[in-house]
2 protein chains.
Amino acid sequence: MGDSRSVERFSNVLSGVVKLTKTLSDGRQQIVGLQFAPDFLGRPFQSESTLTAEAATDVELCSFPRQALERMMKEQPNLEHRLLEQKLRELDQARDWMVALGRKTASEKIASFLLMIVHNIDPAAGPERRRAAFDLPLSRAEIADFLGLTVETVSRQITRLRGENVIRIENNRHVIVDDIGRLAARAGD
Amino acid sequence: MGDSRSVERFSNVLSGVVKLTKTLSDGRQQIVGLQFAPDFLGRPFQSESTLTAEAATDVELCSFPRQALERMMKEQPNLEHRLLEQKLRELDQARDWMVALGRKTASEKIASFLLMIVHNIDPAAGPERRRAAFDLPLSRAEIADFLGLTVETVSRQITRLRGENVIRIENNRHVIVDDIGRLAARAGD
DNA sequence: CGTTTCCTTGAGCGGTGTCAAGCCGTGTGG
DNA sequence: CCACACGGCTTGACACCGCTCAAGGAAACG
């Protein structure tokens, strides 16, 4: 799991998952975004404020300096347009998570998180699968930071979902969902 | 306070405050954004998913249909660029709130909210004022929906801030902050 | 085999939600 | 003018969800 790096550069995520985190002065942390392939990574026109980008899994990046991007955008309006569309998607996602963070219970948060992974981990797959299996890209502690919970609560809720046969788990990281509908029913939307 | 309306149109907020809300099927609500003058309002390239825009105060809008905007953007790359910059700002704000929603305590949320209003209600004012006075653009219930709390908790925390002489309140809506620094010290950042 | 890291599980506590009552300002109708 | 209802806000009593603290298991690695 790589370390963080300045976001004075821009990158395309070719494979893997990158997490964007914010930290309060006393150490409390919140993950404010996850970027999957083939997302764009970086914040043009401004230093990245207090945002830290960190690899969550092994990651392949295609990276280049900020100035190169801003020059390319001036020459290719199409590029700026695609960037806008991606940022609009990120904004939609951020707002969906705000609902989860502010209004969902712990178990709804976990279910929503698992669903979100299902939908992102393999974007090619059709939207109406019944089953899914995948490796969690985040540790329990990272899931907690993503959902605004503690590690213990994350662990207990996952155990609960497993006890109710909504998911199965192998090796702490591999998740099997036999009926995505049953999982979705617990996401609270 | 006006009603909601479809966001098939686009608008500039000329004055007042517009709230963007999301609602779960069982009625739980979350405000996912506040737009102050002179913000842009609307979501190009896609129907607005499950987002509702609603006036929080009296509002003046300059509104026009979606197609007009998308046509104008093709002709004026500069317009698309300004739109991108605004959406990047909105994304930064959304991520700041995610930290508040996920990791801050009730009283820190209230302090952060009041600070945010101070900074937005009068964008012209310099960043280093000591005092501020303003009308809250939201009711207690709306503040609760914004911060992921209940009305009762909002009320209690505001009472607490008042008891500690961090703020004064007149007529339930008018807030006076004598020392913004003391308020900021309670925001938890 | 010890150490470390991650995860799970238990016990108890506390912050925030829930439920209920009452206050205050405003509007409405007699 | 008063009586009353109504909505927004506050306050209190209590319950519960999720946090804290603590212990121990499981897998990876030296």
Side-chain angles (χ1 to χ4, degrees), chain A residues 1-3 19 24 26-31 54 56-58 99-114 135-164 167-175 186 188, chain B residues 1 3 19 24 26-31 56-57 100-114 135-164 167-175 186 188:
Chain A
M1 318 291 174
D3 52 353
K19 55 177 180 161
L24 299 178
D26 62 0
R28 282 175 289 179
Q29 241 184 1
Q30 175 70 43
I31 296 181
E54 207 169 342
T57 63
D58 291 347
V99 181
L101 289 171
R103 289 305 185 194
K104 289 190 182 177
T105 64
S107 61
E108 288 171 338
K109 286 179 179 180
I110 296 287
S112 304
F113 169 73
L114 292 176
D135 280 343
L136 285 176
L138 304 185
S139 70
R140 301 293 188 271
E142 289 170 322
I143 296 174
D145 282 344
F146 190 64
L147 299 176
L149 299 171
T150 58
V151 185
E152 294 92 329
T153 299
V154 170
S155 181
R156 281 188 250 269
Q157 295 301 334
I158 289 181
T159 300
R160 189 155 159 264
L161 279 182
R162 194 170 38 180
E164 295 169 334
I167 59 176
R168 283 178 290 148
I169 293 189
E170 293 168 1
N171 297 329
N172 276 344
R173 284 287 193 128
H174 192 71
V175 178
R186 307 185 180 234
Chain B
M1 316 301 175
D3 51 354
K19 54 177 180 161
L24 299 179
D26 63 0
R28 282 175 288 176
Q29 243 184 359
Q30 176 71 43
I31 296 181
T57 63
L101 289 171
R103 289 304 184 195
K104 289 190 181 176
T105 65
S107 61
E108 288 171 337
K109 286 179 180 180
I110 296 288
S112 304
F113 170 73
L114 292 175
D135 280 341
L136 286 175
L138 304 184
S139 70
R140 301 293 189 274
E142 288 170 322
I143 296 174
D145 282 344
F146 190 63
L147 300 177
L149 299 170
T150 59
V151 185
E152 294 91 331
T153 299
V154 171
S155 180
R156 282 189 250 267
Q157 296 300 335
I158 289 181
T159 300
R160 189 155 159 264
L161 279 182
R162 194 170 39 179
E164 294 169 335
I167 58 176
R168 283 178 290 148
I169 293 189
E170 293 169 0
N171 297 329
N172 277 344
R173 284 287 192 128
H174 192 71
V175 178
R186 307 184 181 237

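So that the names make sense, note that chain A is the first sequence line, chain B the second, and so on, each numbered from 1.
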Produce the list of close N/O pairs, under 3.5 Å, pairing protein atoms with atoms of nucleotides 12-21 of chain C; give distances to one decimal.
unit_1	atom_1	unit_2	atom_2	d
C:dT16	OP1	B:Ala106	N	3.2
C:dG17	OP2	B:Thr150	N	3.4
C:dG17	OP2	B:Thr150	OG1	3.1
C:dG17	OP2	B:Thr153	OG1	2.4
C:dT18	O4	B:Arg156	NH2	2.9
C:dC19	N4	B:Glu152	OE2	3.0

| message | Once side chain to side chain contact (heavy atoms under 4.5 Å, CB included) is applied, do any residues pair with A:Glu152, and if so which ones, sequence neighbours excluded? | response | A:Thr150, A:Arg156
| Integer-rounded Å distance: C:dG25 C1' and B:His174 NE2 | 18 Å
| request: Using a 4.0 Å heavy-atom cut-off across all strands, classify A:Ser155 as base, sugar-phosphate, or nothing. | output: base
| request: Round to a whole Å and report the spacing from CD1 of A:Ile158 to C1' of C:dT9. | output: 14 Å
| query | Do other residues, nucleotides or ligands put more than 12 heavy atoms under 6.0 Å from A:Asp26 CG? | reply | yes
Indicate every side-chain donor-acceptor pair of residues 103-112 of chain B with a distance under 3.5 Å to a residue at least two apart or in another chain.
unit_1	atom_1	unit_2	atom_2	d
B:Arg103	NE	A:Gln29	O	2.7
B:Arg103	NH1	A:Leu149	O	3.0
B:Arg103	NH2	A:Ala144	O	3.0
B:Arg103	NH2	A:Asp145	OD1	2.9
B:Arg103	NH2	A:Leu149	O	2.9
B:Lys104	NZ	B:Ser112	OG	2.9
B:Lys104	NZ	B:Ala187	O	3.0
B:Lys104	NZ	B:Asp189	OD1	3.1
B:Thr105	OG1	B:Glu108	N	3.3
B:Thr105	OG1	B:Glu108	OE1	3.4
B:Glu108	OE1	A:Arg28	NH1	2.8
B:Glu108	OE1	A:Arg28	NH2	3.4
B:Glu108	OE1	B:Thr105	N	3.0
B:Glu108	OE2	A:Arg28	NH2	2.9
B:Lys109	NZ	B:Leu147	O	3.0
B:Ser112	OG	B:Glu108	O	2.8
B:Ser112	OG	B:Ala187	O	3.4

| task | For A:Arg186, enumerate each residue passing the side-chain hydrogen bond (donor to acceptor under 3.5 Å, both in side chains) test, keeping only those at least two apart in sequence or located in another chain. | result | A:Glu164
| task | Provide the start and end nucleotides, 5' to 3', of the part of DNA chain D that has atoms under 4.0 Å from heavy atoms of chain A. | result | D:dG18 to D:dC21
| query | For B:Arg160, what residues pass the side-chain hydrogen bond (donor to acceptor under 3.5 Å, both in side chains) criterion, not counting sequence neighbours? | reply | B:Gln157
| field | Qualifying residues under ring-ring contact (aromatic ring centres under 6.0 Å, His included), relative to B:Phe146, sequence neighbours excluded | value | B:Trp97, B:Phe113
| field | Residues that B:Arg162 engages under salt bridge (Lys or Arg N to Asp or Glu O under 4.0 Å), provided they are two or more places apart | value | none
| query | Sequence neighbours excluded, which residues qualify as side-chain hydrogen bond (donor to acceptor under 3.5 Å, both in side chains) partners of B:Asp135? | reply | B:His174
| field | Atom-pair distance (CG on A:Leu138; P on C:dC7), nearest Å | value | 10 Å
